[in-house]
Amino acid sequence: FSDPASNLGLEDIIRKALMGNLEERPE
Amino acid sequence: KDIVLACPMNMFPQTEPNKTPQEIWEDFSLSFTPAVREVVEFAKHIPGFSALSENDQVTLLKAGTFEVLMVRFASLFNVKEQTVTFISGTTYSLEALKGMGMGGLLDTMFEFSEKLNSLELTAEELGLFTAVVLVSADRSGIENLNSVELLQESLIRVLRALVSKSNPCDASRFTKLLLKMPDLRTLNNMHSEKLLSFRID
């Protein structure tokens with residue numbers, strides 16, 4: 001049973017969206 | 001053979017015949033990406049979520065995004081009219097969608113939406129319930145189980161207080177709401193199987 005979330009590329013979208021927050025966070 | 005991805009998150013469920021399966025999959029990915037990003041933004045606003053390890057944040061989001069979207073878009077399922085409105089704004093009848101091969105999953109989605117809508121949750125209750133769904137400590141692959149459990153417990157406590165406050169005479173309302181979580185898990189599994197079948201096809 002492979003991982004459907006990986007099939008969807010979900011992890012990539014999630015990681016990018018999470019990192020977007022770090023970039024916007026004030027120093 | 002025509003490929004049909006009759007998902008409410010798909011802008012173009014009925015694809016052009018000249019498109020390759022890869023192009024169809026990429027179009028689908030572009031359709032649901034904004035919704036996934038919104039789930040991530042929602043997660044960031046859950047107090048304590050950003051304090052979890054990045055890997056645990058990703059694990060929770062990967063496992064729970066479908067369930068969050070199901071709760072969020074339950075209102076797209078019109079039980080009375082037996083229709084589903086896709087994010088494109090197009091409304092499809094249950095019969096038409098069944099014809100696209102969405103039978104069993106769609107019936108269970110309708111059933112869930114009906115039960116959830118019958119609880120008549122306020123926006124605040126729905127938001128907190130969604131946070132509880134997302135921060136589920138029993139997802140596989142969690143590294144720091146204690147942190148996730150503590151966060152989920154605190155969210156459940158706040159949800160219980162909120163639900164009790166809005167309907168003090170109905171003690172079963174909170175229990176009924178929590179019982180939607182296993183229903184969501186079942187739907188998530190069914191949805192995963194559906195996705196896998198498309199990939200295999």
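Proteins get letters first, then strands, A, B, ... in listed order; numbering begins at 1 in each.
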Checking B:Thr65 against chain A: side chain, backbone, both or neither under 4.5 Å from a heavy atom? side chain
So for atom CD, which belongs to B:Glu114, do other residues, nucleotides or ligands contribute more than 12 heavy atoms lying within a distance under 6.0 Å? no
Straight-line distance of B:Phe49 CZ to A:Leu18 CG, nearest 0.5 Å: 6.5 Å
Taking the side chain from B:Lys62 and the backbone from A:Ile14, do they hold a donor-acceptor pair closer than 3.5 Å? no
Check this for me: B:Glu124, atom CD, are more than 12 non-hydrogen atoms of other residues, nucleotides or ligands nearer than 6.0 Å? no
Does B:Phe73 CZ have over 12 foreign heavy atoms under 6.0 Å away? yes
Kindly indicate whether the side chain of A:Lys16, heavy atoms from C-beta on, has any atom under 4.5 Å from the side chain of B:Arg37. no
